[in-house]
Amino acid sequence: DYDHVLEALLNTSVDVDSLEPDSVLEEKWIKEVVTRSGMKFKWAKLSVSRQKPNRDAHRRPPADPSNLVPRPPVVTIMGHVDHGKTTLLDSLRKSQIASSEAGGITQHIGAFLVQLPTGEKITFLDTPGHAAFSSMRARGADGTDIIILVVAADDGVMNQTVESIQHAKRAKVPIIVAVNKCDRPQADPHRVKQELLAHDVVCEDFGGDVQSIHVSALKGDNLLALAEATVALAEVLELKAEPSGPMEGVIIESRTDKGKGPVTTAIVQRGTLKKGCVLVAGKSWAKVRLLFDENGQTVTGAGPGVAVEVVGWKELPSAGEVILEVESEQRAREVVEWRSSEEEQQKLQEEQNAIELKKRTHLQEYHRERAELSHLSWRQRKVALYQAYKTKVSKRSSERVQDEQLTLPLIIKSDVDGSLEALLKVVDSYDAQHQCELEVVHFGIGDISENDVNMAETFAGSIYGFNVTASRPVQLMAAKRGVPLNLHSIIYKLIDQLKDELSSKLPPLV
Ligand code: GDP
């Protein structure tokens with residue numbers, strides 16, 4: 001299990017450098033460890049190297065169990081369209097069991113708190129459907145403890161009912177079934193529960209452990225029983241959190257308010273959110289100016305399991321983003337800056353990967369062509385290669401700008417066949433092990449000619465000559481057109497220079 005291993009890692013300070021991404025762990029997985037552990041790493045291919053630690057804000061290690069206190073469960077209502085999710089949320093909000101301070105008009109902040117006569121509290125997310133839930137999951141935040149699955153008793157299990165079940169299973173969130181519309185004459189709750197069996201949701205009536213409550217969201221029937229079932233399940237789940245220490249939470253909604261500016265609704269998961277706290281979420285930060293509950297009342301603080309509207313963000317963070325409290329504004333700015341540059345780096349890395357891939361494909365193509373030509377004499381090869389190259393270049397002329405830094409077109413001239421063939425062999429073996437593609441555009445015997453310079457200019461390549469010369473006019477022409485002209489009479493010097501030119505074409509090492 002991801003989180004368990006993560007916690008183990010955080011507690012045992014494993015040397016992340018020693019992890020092998022390709023054999024043992026996914027790269028993504030390690031990145032997660034790295035981000036959460038708060039150490040900065042630079043990614044170079046699949047190897048990791050340690051950088052300055054602790055620049056990022058990170059979740060704290062698990063709390064000491066003795067500091068934990070019970071917290072309200074956070075509940076998401078899911079189910080098929082028209083089965084009554086919105087109606088259920090409305091009735092829960094308006095029912096006597098909803099928090100009594102009301103007086104004001106209920107505001108939509110994305111969640112509301114319900115208090116049972118016995119004092120227990122439940123936080124309901126009131127964005128029905130899967131959007132909020134999925135966005136949180138996508139960011140790895142576990143914002144929901146319990147899912148209430150609404151199934152209309154007159155309609156039974158439908159597509160989105162099944163989808164909701166799958167969501168719950170994937171996220172390992174337990175379900176309570178609310179069999180809705182039981183006021184309707186056609187209602188058949190038993191059938192609903194029977195249909196659920198096919199999806200491994202076994203209700204208590206069938207000997208399973210999933211609670212099912214018959215309700216009428218419209219009439220408000222049995223809502224207390226539904227709330228009690230939720231509280232009972234919460235007790236079984238032993239939902240607890242630390243009320244002190246730096247706050248951690250998750251954003252369930254974010255919007256720009258005309259008067260308040262960027263506002264978000266946060267569910268506190270750990271610690272207590274108070275006025276004046278400095279928070280970081282994604283790439284934005286906040287100094288909390290005001291906190292509001294769902295009744296539009298200002299509150300001074302919100303503890304674990306409670307949703308609250310936060311005012312004071314510099315920019316609008318996204319729903320699903322994790323919120324962490326940091327010690328100072330200075331630190332918040334640092335974290336945001338670092339995260340932005342990290343994202344920038346990731347983008348660069350992705351671009352780099354795309355280029356690498358393209359390069360590899362080209363290289364494979366190139367080697368395949370060469371292999372195909374291997375049965376030919378080198379003279380025949382020369383003609384064939386040149387032809388192939390010309391076609392390829394014309395095909396790729398639109399990509400030319402990008403390709404230039406990845407390939408090194410060469411024109412090779414030599415005094416005799418023997419040395420020319422030796423040079424070609426070196427080039428052949430050389431580009432097999434290097435990232436830059438060497439492409440011999442043209443080769444031949446004899447001094448460098450005007451035609452060689454023309455060719456080099458066309459292909460943006462370099463001329464290498466071994467034991468040959470270039471007349472003064474040819475040298476001038478090359479200089480004027482910016483064509484590198486390299487003449488050598490010692491073969492290893494020529495190769496050294498070729499290597500230098502090659503490495504200058506390679507992208508800088510990350
Ligand atoms: P949602 O799409 O799941 O949010 O469903 P809605 O809450 O919008 O409800 C769809 C329709 O079913 C509306 O016309 C509701 O009035 C009706 N409805 C919801 N709950 C009940 C119920 O318990 N009994 C009856 N008779 N109708 C209901």
Side-chain angles (χ1 to χ4, degrees), residues 73-98 105-114 116 122-137 143-171 173-196 199 201 203-205 210-230 252-253 255 265 294 307 319-320:
V74 179
V75 178
T76 302
I77 294 185
M78 289 182 140
H80 194 69
V81 64
D82 276 348
H83 279 197
K85 298 179 291 290
T86 316
T87 313
L88 180 60
L89 281 164
D90 283 347
S91 324
L92 281 166
R93 206 192 323 249
K94 285 181 210 134
S95 65
Q96 298 94 353
I97 59 171
I105 304 150
T106 318
Q107 315 251 320
H108 173 90
I109 65 162
F112 61 90
L113 192 77
V114 154
L116 274 69
I122 305 169
T123 293
F124 284 97
L125 297 190
D126 70 357
T127 321
H130 311 152
F133 189 74
S134 304
S135 69
M136 268 191 275
R137 290 294 311 164
T144 299
D145 305 303
I146 295 170
I147 287 173
I148 291 186
L149 180 67
V150 177
V151 191
D154 58 348
D155 202 19
V157 172
M158 304 299 280
N159 286 348
Q160 285 161 291
T161 318
V162 178
E163 255 176 49
S164 307
I165 296 171
Q166 284 164 351
H167 265 295
K169 284 201 177 138
R170 234 174 284 137
V173 179
I175 289 177
I176 294 176
V177 177
V179 186
N180 191 29
K181 307 198 185 179
C182 285
D183 58 300
R184 286 220 168 143
Q186 323 80 303
D188 187 354
H190 187 75
R191 202 194 88 204
V192 169
K193 285 180 259 185
Q194 204 157 24
E195 287 175 354
L196 285 170
H199 304 281
V201 176
C203 294
E204 284 169 337
D205 318 23
V210 177
Q211 305 181 81
S212 63
I213 315 293
H214 300 185
V215 299
S216 166
L218 194 67
K219 303 210 156 148
D221 295 345
N222 240 2
L223 297 189
L224 183 57
L226 181 62
E228 280 168 351
T230 310
I252 54 164
E253 268 201 14
R255 68 194 166 87
T265 300
E294 71 269 21

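What you see is a predicted model; the values in this text were computed from it and never measured. Read the numbers this way: they start at 1 and go in the same order the structure lists the ligands and their atoms.
Residue contact check: Thr87 has heavy atoms under 4.0 Å from atoms 6 (P), 7 (O), 9 (O), 15 (C), 19 (C), 20 (N) of ligand 1. Applying the 4.0 Å criterion to heavy atoms of Val81 picks out, from ligand 1, the atoms 2 (O). Each of the following atoms of ligand 1 lies closer than 4.0 Å to a heavy atom of Asp82: 1 (P), 2 (O), 3 (O), 5 (O), 10 (C), 12 (O). Residue-ligand proximity, His80 to ligand 1, at heavy-atom distances under 4.0 Å covers atoms 3 (O).
A 4.5 Å side-chain heavy-atom check between Leu113 and Thr123 finds at least one atom pair inside the cut-off. Considering only heavy atoms from C-beta on, Leu149 comes within 4.5 Å of Leu196 through its side chain. Between Ser91 and Leu223 there is a side-chain heavy-atom pair separated by less than 4.5 Å. Under the 4.5 Å side-chain criterion, counting only non-hydrogen atoms from C-beta, Leu89 is in contact with Ile77.
For Lys219, the closest heavy-atom approach to ligand 1 does not fall below 4.0 Å.
Residue contacts with ligand 1, taken as heavy atom pairs separated by less than 4.0 Å, involve Arg184 solely via side-chain atoms from C-beta onward. Contacts between Asp183 and ligand 1, counted as non-hydrogen atom pairs separated by less than 4.0 Å, involve the side chain only.
Between Gly84 and ligand 1, an N or O atom pair is found at a separation short of 3.5 Å. Close N/O approach between Cys182 and ligand 1 is not found [any backbone or side-chain N/O within under 3.5 Å].
With hydrogens and angles disregarded, a donor-acceptor distance shorter than 3.5 Å links the side chain of Asp145 to the backbone of Val74.
Side chain to side chain, Lys193 and His214 meet the donor-acceptor criterion of an N or O pair below 3.5 Å. Judged by distance alone, the side chains of Asp155 and His83 do bring a donor and an acceptor atom under 3.5 Å apart.
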